[in-house]
Amino acid sequence: MKLLENKTALITGAARGIGRCIAQLFADEGANVIITDLRESESSVELVNELRAKGVRCDFLAADAASTERAMEVADWVAKNYGRLDVLVNNAGITRDKLILRMTADDWNAVVETNLRSVFNYTKAFASMMLKQRAGSIINISSIVGLIGNAGQANYSAAKAGIVGFTRSMTKELGSRGIRCNAIAPGFIETPMTKQLSEETRQTWVENIPLHRVGTDKDVARVALFLASDLSGYVSGQVIACDGGLML
Ligand code: NAI
């Protein structure tokens with residue numbers, strides 16, 4: 001039996017990068033997968049076809065994760081079309097890196113809305129369904145910079161730190177009904193998001209990583225698979241760093 005057989009998962013911001021890889025791995029393990037992203041694209045269409053070819057159900061919904069209203073519509077759609085949600089992965093995220101003197105209120109708001117408000121939106125939207133089911137696993141993608149901070153990322157690190165507090169509160173609020181809530185704190189992961197960084201920055205990171213390599217989307221997806229599956233049935237409220245030991 002596959003690890004996620006008969007489970008349904010929704011992943012926000014999954015057209016590319018870490019979210020896409022989580023969707024692929026979940027489908028390999030038998031899950032039906034609902035993918036959201038800002039808009040339909042060649043990449044999202046290709047992903048849906050790829051996952052359906054694995055023999056699972058898969059649908060794409062265009063949804064700005066920062067919109068509370070749209071999250072409610074997405075939850076209604078999932079209730080009508082899938083009837084339940086076992087795993088919610090709050091993955092959508094952006095960066096707008098600037099030192100504080102240059103950071104505008106727009107830079108702050110865009111990052112906090114996409115990375116943190118989105119987690120509130122989707123947890124709230126799916127909480128009643130999971131409470132009725134008396135089961136569910138919520139996985140929030142934070143970052144090690146939410147735990148240790150980073151110059152030039154005050155907006156991003158504040159949003160990612162906020163996710164940690166939110167995750168622990170949900171653990172306490174929803175735990176008695178069998179709902180688990182955990183966060184993953186990836187370190188430096190090779191994705192389109194980090195491709196913007198210079199080779200010099202990349203080398204500096206690699207030198208400081210005990211495993212001496214950057215992470216891959218699959219490294220993070222495997223942690224998500226553990227948290228989504230019953231293998232982690234007694235794990236809740238945790239922040240699992242997936243960073244090659246960087247934070248030590
Ligand atoms: P990415 O930029 O490759 O992919 C992010 C996806 O989210 C894209 O498909 C994008 O269209 C979508 N997205 C952006 N804003 C959205 C919105 N408002 N609504 C719906 N979808 C939206 O990024 P990556 O690297 O895959 O990151 C995934 C998550 O992992 C993010 O939360 C990021 O902060 C986090 N993370 C990434 C790290 C890295 O090194 N790549 C390190 C630590 C955390």
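Model, not experiment: these values are computed from the prediction. Atoms within each ligand, like the ligands themselves, are counted from 1 in listed order.
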Return all side-chain donor-acceptor pairs below 3.5 angstrom for residues 71-80, not counting sequence neighbours, or 'none' if the list is empty.
unit_1, atom_1, unit_2, atom_2, d
Glu73, OE1, Arg70, NH1, 2.9

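Any N or O atom pair closer than 3.5 Å counts here, and Ile18 shares at least one such pair with ligand 1. The shortest N/O to N/O separation between Tyr156 and ligand 1 falls below 3.5 Å. When only interatomic distances are considered, the shortest N/O to N/O separation between Ala14 and ligand 1 does not fall below 3.5 Å. When only interatomic distances are considered, the shortest N/O to N/O separation between Arg16 and ligand 1 falls below 3.5 Å.
Closest heavy-atom approach to atom 25 (O) of ligand 1 among the candidates Asn115, Thr191, Ile144, Leu61: Thr191. Considering each of Thr95, Asp243, Leu38, the one bringing a non-hydrogen atom nearest atom 16 (C) of ligand 1 is Leu38.
Less than 4.0 angstrom separates some heavy atom of Pro192 from each of these atoms of ligand 1: 3 (O). Ligand 1 places these atoms under 4.0 Å from at least one heavy atom of Gly17: 3 (O), 26 (O). Heavy-atom contacts of Asp64 reach the following atoms of ligand 1: 17 (C), 18 (N), 19 (N) (cutoff under 4.0 Å). Remark: ligand 1 atoms within the under-4.0 Å shell around heavy atoms of Ile141 are 29 (C), 30 (O), 35 (C). Atoms of ligand 1 found under 4.0 Å from any heavy atom of Ile94 (numbered from 1 in listed order, with element): 14 (C), 15 (N). Taking every non-hydrogen atom of Ile189 and a distance limit under 4.0 Å, the qualifying atoms of ligand 1 come out as 39 (C), 40 (O), 41 (N). The atoms of ligand 1 that sit less than 4.0 Å from any heavy atom of Ala65 are 17 (C), 18 (N), 19 (N), 20 (C). Close approach of ligand 1 to Ala63 (heavy-atom distance below 4.0 Å) involves ligand atoms 19 (N), 20 (C).
Look at Ser43 and you'll find every heavy atom at least 4.0 Å from all atoms of ligand 1. The shell of residues lying under 4.0 angstrom from ligand 1, judged by heavy atoms, includes Gly187. Remark: distances from the non-hydrogen atoms of Ala185 to ligand 1 are all 4.0 Å or more. Assignment of Thr12 to the shell around ligand 1 is not supported, since no heavy atom sits closer than 4.0 Å. Residue contact check for ligand 1: Lys160 places a non-hydrogen atom closer than 4.0 Å to it. Heavy-atom separations between Asp37 and ligand 1 include at least one value shorter than 4.0 Å.
A side-chain donor from one of Gln203 and Glu199 sits under 3.5 Å from a side-chain acceptor of the other.
When the options Asn91, Val223, Asn140 are evaluated for a side-chain contact (heavy atoms from CB on, under 4.5 Å) with Ile184, the one that passes is Val223.
Arg52 has a carboxylate O that lies under 4.0 Å from a charged side-chain N of Asp59, or vice versa, which qualifies the two as a salt bridge. Glu29 and Lys7 are not joined by a salt bridge, as no carboxylate oxygen comes within less than 4.0 angstrom of a charged side-chain nitrogen.
The protein heavy-atom contact nearest to atom 5 (C) of ligand 1 is Gly93 O, 4.0 Å.
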Criterion side chain to side chain donor-acceptor pair (under 3.5 Å) on Thr68 and Asn121, from CA distance to verdict: CA-CA 5 Å; Thr68 307; Asn121 288 342; 2.6 Å; yes

